[in-house]
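Below, chains carry the letters A, B, ... as their sequence lines are ordered, and counting in each starts from 1.
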Amino acid sequence: MTVEEQLALLRRGTTEIISEADLAEKLKSGKPLRVKLGVDPTVAHVTLGWAVVLRKLRDFQKLGHTAVLIIGDFTAQIGDPSGKSKTRPQLSHDEVVRNVEAVSKQVYKILDPALTEITYNADWLGTMTFVDVIKLCSKYTVARIMERDDFTNRWNEHRPIAMHEILYPLCQGYDSVMVNSDVELGGTDQKFNNLVGRDLMQHWGQEPQVVMLCPLLIGTDGKEKMSQSLGNYISVVDSPNDMYGKTMSIPDELLDNWFELCTDVPMAEARQAIMSNPYEAKKRLAREIVGLYHSVEEAEMADQFFKETFSQRQQVVEAEDAAIPHDLIADGVVALANLIASLGLAKSNGAARDLIKAGAVSLDAEKVMDPFAKLQAIELDGKILRVGRHQFRTLRLAR
RNA sequence: GGGGAGUUGCCCGAGUGGCCAAUGGGAACAGACUGUAAAUCUGUCGGCGAACGCCUUCGGAGGUUCGAAUCCUCCACUCCCCA
């Protein structure tokens, strides 16, 4: 593959490469490049948003380059201020460990383990002395740090900026020095941090890394960047039905964006599909996504499930089992609202009653309208309880 | 170090002694319509209770009062101006 062809593959789905000439130069050398990606261990799921960058990283691997994942176990204690209007809460060590464990498995749904290197930045950041930190700080100026949007905005709006937050970009930049990366990948919100890496590398006499930025995926709410804290995400380990359903709930305006960032469907084809029938296009998108993280067969099943359950409003035939707690049964009778609450399908008994009143609760496809309904426990056994649009449980009476 | 302003429910924000579980907006959730889209309309939106009601909440701890988100004291945190 010529350098030009490689560039074409790598360019797809990026918004900016700083600089493309440098990248071409590095590719020309023919040696395997070290492509760095910072991993945020404050979350427990690889979301489709994050997958955008991971998929780009996999493109590099296809060309024989090495993915260098840096688990930000140290920086998690600071909290990346990128795009945040508030200081982030700092995580405990245990939480970080748990997240890393969960996430590292999910990452290999996309990446090739043979070409992946995993490092932890606590290994070098955690052992620095205060003198080391001061030396690092001396390589950068306050004015340059404050150029950053998040800081400028917060400053102008009189919102707090804690001292440790301005160290974040330096930490991340120093990571690049430590792994001597050739390329750093990131979302567009990482531009500032990644550029700091270039500066620092030069201070340490290294060739500056190329910075490649990928667009941010908008979440299922159609408004904000997909993120776990906002709950507008799809995880790569979501069940096929969930993945499919969540995709179907995105606004039409996002279709173009999602096809480009989440699938391998050629854009000309995708745009044609969206133009002719957005609904059909969205189902195609959902199938593509499920196919990517599960299988084509499961995608078809999810498609079928969706059609029957939501489009045709047929009775759900299969759902997760839920045992009816014994202590809710009095004289063989159970109050429906209490049952819904104790199964976690509503926040409280009151909320459950509100849902019933609103007509959101049904048993075997039959709406229950009485908020105080008391039902024979024996008769509930095996029935499918539906709360809201997408919560189902097969009730089981334990003997 | 000196002076000033502020901290209210998921978020923004009103409330300055009883009519405050606390106006309004946003978000969220549910229903109707539909394509689990958009737009629109409706309802819910601290907890318990069938209900009169009860309990917990307005940065934290005390106090004044029959009664406090509202007044006083101390503490913590944030922002602004000056140095």
- Take atom CG of A:Leu230 and atom P of B:rC10, then tell me their distance rounded to the nearest Å. 16 Å
- Item | Whole-Å distance separating the CH2 atom of A:Trp155 from the P atom of B:rC79 | 9 Å
- Message: Can you check the distance between B:rU57 and B:rG9, where both ends of the measurement are the P atom (answer in whole Å)?
- Response: 14 Å
- Under the 3.5 Å Watson-Crick or G-U criterion, the dot-bracket string of RNA chain B, with | for inter-strand pairs: ((((((((.[[[..)..(.....]]].(((((.......))))).(((....)))...[[[[[..)....]]]]]))))))).
- Note on the structure: When A:Asp381, A:Leu363, A:Ile384 are each screened for side chain to side chain contact (heavy atoms under 4.5 Å, CB included) with A:Leu395, the one that passes is A:Leu363
- If the P atom of B:rC71 is compared with that of B:rU8, how far apart are they to the nearest Å? 15 Å
- Sticking with atom C1', work out how far B:rG13 lies from B:rG1, rounded to a whole angstrom. 35 Å
- Any side-chain N or O of A:Arg353 under 4.0 Å from OP1/OP2 of B:rA50? yes
- Using whole Å, report how far NZ of A:Lys357 lies from C1' of B:rA30. 12 Å
- Whole-angstrom distance between B:rC54 and B:rA21, as gauged at atom P: 10 Å
- Which nucleotide sits closest to the side chain of A:Lys223: B:rG47, B:rA27, B:rG31? B:rA27
- Message: Before you tell me yes or no, could you show the steps for A:Lys246 and A:Asp238 under salt bridge (charged side-chain N to carboxylate O under 4.0 Å, His left out), namely the whole-Å CA-CA distance, both residues' side-chain angles and the distance that decides it to 0.1 Å?
- Response: CA-CA 10 Å; A:Lys246 285 185 190 174; A:Asp238 275 348; 2.8 Å; yes
- Between A:Asp303 and the options A:Arg284, A:Lys282, A:Lys283, A:Arg287, the salt bridge (Lys or Arg N to Asp or Glu O under 4.0 Å) test singles out A:Arg287
- A:Phe60 and A:Met212, any side-chain heavy atoms less than 4.5 Å apart: yes
- Rounded to whole angstrom units, what separation is found between the CZ atom of A:Arg386 and the C1' atom of B:rG31? 13 Å
- Short side-chain N/O contact from A:Ser348 to OP1 or OP2 of B:rG46, under 4.0 Å: no
- Task: Using the salt bridge (Lys or Arg N to Asp or Glu O under 4.0 Å) rule, collect all pairs that involve residues 194-214 of chain A, keeping only residues at least two apart or in two chains.
- Result: A:Asp22-A:Arg198, A:Lys26-A:Glu207, A:Arg144-A:Asp199
- For A:His294, all residues meeting ring-ring contact (aromatic ring centres under 6.0 Å, His included), sequence neighbours excluded: none
- Message: Under 4.0 Å, heavy atoms only, any strand: does A:Gly222 hit a base, just the sugar-phosphate, or nothing?
- Response: nothing
- Length of the line joining A:Lys347:NZ and B:rC45:P, which is rounded to integer Å: 10 Å
For nucleotides 36-43 of chain B, give me every protein contact, N/O to N/O, under 3.5 Å, one pair per line with atom names.
| unit_1 | atom_1 | unit_2 | atom_2 | d |
| --- | --- | --- | --- | --- |
| B:rU36 | OP1 | A:Ser311 | OG | 3.3 |
| B:rU36 | O2 | A:His390 | ND1 | 3.3 |
| B:rA37 | OP1 | A:Arg389 | NH1 | 3.2 |
| B:rA37 | O4' | A:Lys282 | NZ | 3.1 |
| B:rA37 | O2' | A:Ile250 | O | 3.4 |
| B:rA37 | O2' | A:Asp252 | N | 3.1 |
| B:rA37 | N3 | A:Asp252 | OD2 | 3.4 |

- Task: Show your reasoning for whether side-chain hydrogen bond (donor to acceptor under 3.5 Å, both in side chains) applies to A:Arg148 and A:Asn193.
- Result: CA-CA 9 Å; A:Arg148 187 176 147 146; A:Asn193 293 342; 2.6 Å; yes
- Gap in Å between the two P atoms, one belonging to B:rC12 and one to B:rG59, rounded: 13 Å
- Please state the P separation for the pair B:rU7 and B:rA14 - nearest whole angstrom. 9 Å
- Item | Same-atom distance (P) from B:rG25 to B:rC72, integer angstrom | 32 Å
- Message: When you measure from the side chain of A:Thr119 to the backbone of A:Leu69, do you find a donor-acceptor pair of N or O atoms at a distance under 3.5 Å?
- Response: yes
- Task: Sequence neighbours left out, what passes salt bridge (charged side-chain N to carboxylate O under 4.0 Å, His left out) with A:Asp256? Give chain and number order.
- Result: A:Arg271
- A:Asn349 side chain near B:rG49 phosphate (N/O to OP1/OP2, under 4.0 Å): yes
- Task: Rounded to whole angstrom, note down the P distance from B:rC45 over to B:rU23.
- Result: 11 Å
- Item | Test side chain to side chain contact (heavy atoms under 4.5 Å, CB included) applied to A:Ile17 and A:Leu10, A:Leu213, A:Leu23, the passing residue | A:Leu23
- Message: Within the 4.5 Å heavy-atom criterion, are A:Thr394 and A:Glu320 side-chain neighbours or not?
- Response: no
- Message: So does A:Lys36 get a backbone contact from the side chain of A:Ser181, meaning a donor-acceptor N/O pair under 3.5 Å?
- Response: no
Please list each protein N or O that sits under 3.5 Å from an N or O in nucleotides 2-7 of chain B, with the distance.
none

- Item | Interatomic distance where CG belongs to A:Asp354 and P belongs to B:rA30 [whole Å] | 13 Å
- Message: Nearest to the side chain of A:Pro278, heavy atoms from C-beta on, is which of B:rG35, B:rG31, B:rC29?
- Response: B:rG35
- Salt-bridged, A:Asp182 to A:Arg34, with N to O below 4.0 Å? no
- Task: Please report, rounded to the nearest Å, how far the P atom of B:rU78 is from the CZ atom of A:Arg159.
- Result: 15 Å
- Message: Under 4.0 Å, heavy atoms only, any strand: does A:Lys367 hit a base, just the sugar-phosphate, or nothing?
- Response: sugar-phosphate
- Message: I need the CD1-C1' distance between A:Ile356 and B:rC29, as an integer number of Å.
- Response: 15 Å
